[in-house]
Amino acid sequence: MKLFYHPGNASMTPHCLLEEIGQPFELAFVDRAHNAHKSADYLQLNPNGLIPVLVDGDLVLYETAAICLHLADTHPDKKLAPELGTAERAQFYKWLMWLTNTMQSTLLSYFYPDRWVDEGNTAAAAQIKAHAESRIAGLLDQLDDHLKSSSGPWFLGEQYTVLDPYVMMLCRWTRGHARPGRDLPALGPYLQRVLERPAVQRALKAEGLEHPWV
């Protein structure tokens, strides 16, 4: 398998999962500083010009959540997702879709507000960014409330799943906010538990990421 990645980007969760799985894989650095993700070669892999892409044999797959599901489904022995057909699996789907469709998309509005306004309209971009940060604070509260009722150390309880590095990655993106995820009472200790996993530490080291990790 080959993962096309950029440090700290949405490729971080698949990277953590590949480390967790423990089978050989290759990292392919995508140089965003030089718009490598918009190059003709990369657009052959992902016509949206976004990171990550996973190549697994003849399969070329993009969208972080889809890559995560593929890794979980093709390595069932690692138990990175609950059993099919169970209520736990349904909750897993709900939270995975929430993370990618609700929280991640709101974070993208925060980081790239200029995409939603006329060129040069800095006041409108600033307003979008401020509203996004306010909405993200409420989403962090949802994560914190869920963890307060968790029956175990991980997001779904006793079982470490795809959701755990995904939550960590998105909370990492809030580290520059006035109220980052690490400051919430249940979320902060939980993030430290995720960061302490050896697979996560290997991914952080490989990507050359420095403190604060979240």
Side-chain angles (χ1 to χ4, degrees), residues 1 3 5 9-23 25 46 48 50-108 135-136 138-174 181 184 186-203 214:
M1 290 184 286
L3 178 68
Y5 86 107
N9 275 213
S11 50
M12 176 182 281
T13 299
H15 188 181
C16 290
L17 294 175
L18 286 165
E19 292 286 358
E20 196 78 35
I21 289 165
Q23 294 185 3
F25 68 94
N46 184 352
N48 303 295
L50 298 173
I51 301 166
V53 168
L54 180 75
V55 177
D56 185 3
D58 293 331
L59 175 67
V60 177
L61 192 61
Y62 51 86
E63 294 296 332
T64 299
I67 293 171
C68 292
L69 282 172
H70 172 69
L71 292 174
D73 290 345
T74 53
H75 299 86
D77 58 310
K78 301 301 179 181
K79 299 186 183 301
L80 293 170
E83 292 292 329
L84 283 169
T86 62
E88 291 78 13
R89 183 76 173 208
Q91 291 293 329
F92 168 81
Y93 286 142
K94 179 194 78 174
W95 281 110
L96 183 59
M97 299 309 112
W98 183 90
L99 288 169
T100 186
N101 290 337
T102 302
M103 188 167 185
Q104 187 170 346
S105 63
T106 307
L107 280 158
L108 292 177
R135 175 157 171 72
I136 290 161
L139 301 179
L140 290 172
D141 284 332
Q142 286 190 50
L143 293 174
D144 197 64
D145 289 343
H146 171 78
L147 287 164
K148 287 175 183 175
S149 64
S150 177
S151 61
W154 308 117
F155 197 78
L156 289 184
E158 294 297 330
Q159 183 178 351
Y160 183 86
T161 70
V162 161
L163 299 179
D164 295 296
Y166 213 135
V167 171
M168 181 275 293
M169 177 185 76
L170 297 184
C171 287
R172 170 183 161 77
W173 294 357
T174 73
L184 276 69
L187 191 52
Y190 160 79
L191 293 172
Q192 289 305 311
R193 291 194 294 274
V194 178
L195 288 169
E196 288 168 4
R197 287 187 77 87
V200 173
Q201 284 293 310
R202 289 194 297 271
V214 296

side-chain contact (heavy atoms from CB on, under 4.5 Å) between H75 and Q23: does it pass, once the steps are laid out?
CA-CA 10 Å; H75 299 86; Q23 294 185 3; 3.4 Å; yes

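- Under the side chain to side chain contact (heavy atoms under 4.5 Å, CB included) criterion, A90 pairs with no residue at all, not counting sequence neighbours.
- In this structure, Q159 contributes its side chain and A81 its backbone to a donor-acceptor pair below 3.5 Å.
- In this structure a side-chain-to-backbone donor-acceptor pair under 3.5 Å is missing from T100 to A65.
- A tilted orientation is assigned to the rings of W95 and H146, their planes being inclined by 30° to 60°.
- Between V214 and the options L195, T174, V167, V194, a side chain to side chain contact (heavy atoms under 4.5 Å, CB included) holds for only L195.
- Environment of CD in E83: sparse, with no more than 12 heavy atoms of neighbouring residues, nucleotides or ligands closer than 6.0 Å.
- Residue-environment remark: CZ (R135) stays at or below the threshold of 12 foreign heavy atoms within 6.0 Å.
- No side-chain donor-acceptor contact under 3.5 Å links N46 to the backbone of I51.
- Legend: residues meeting ring-ring contact (aromatic ring centres under 6.0 Å, His included) with F25, ordered by chain and number and at least two apart, are H15.
- The number of heavy atoms from other shown groups lying within 6.0 Å of NZ (K148) is above 12.
- E20 pairs in a salt bridge (Lys or Arg N to Asp or Glu O under 4.0 Å) with only one of the listed residues (K79, K78, R202, R197), which is R197.
- Although no hydrogens or angles enter the test, the distance criterion places a donor-acceptor pair under 3.5 Å between the side chain of S150 and the main chain of W154.
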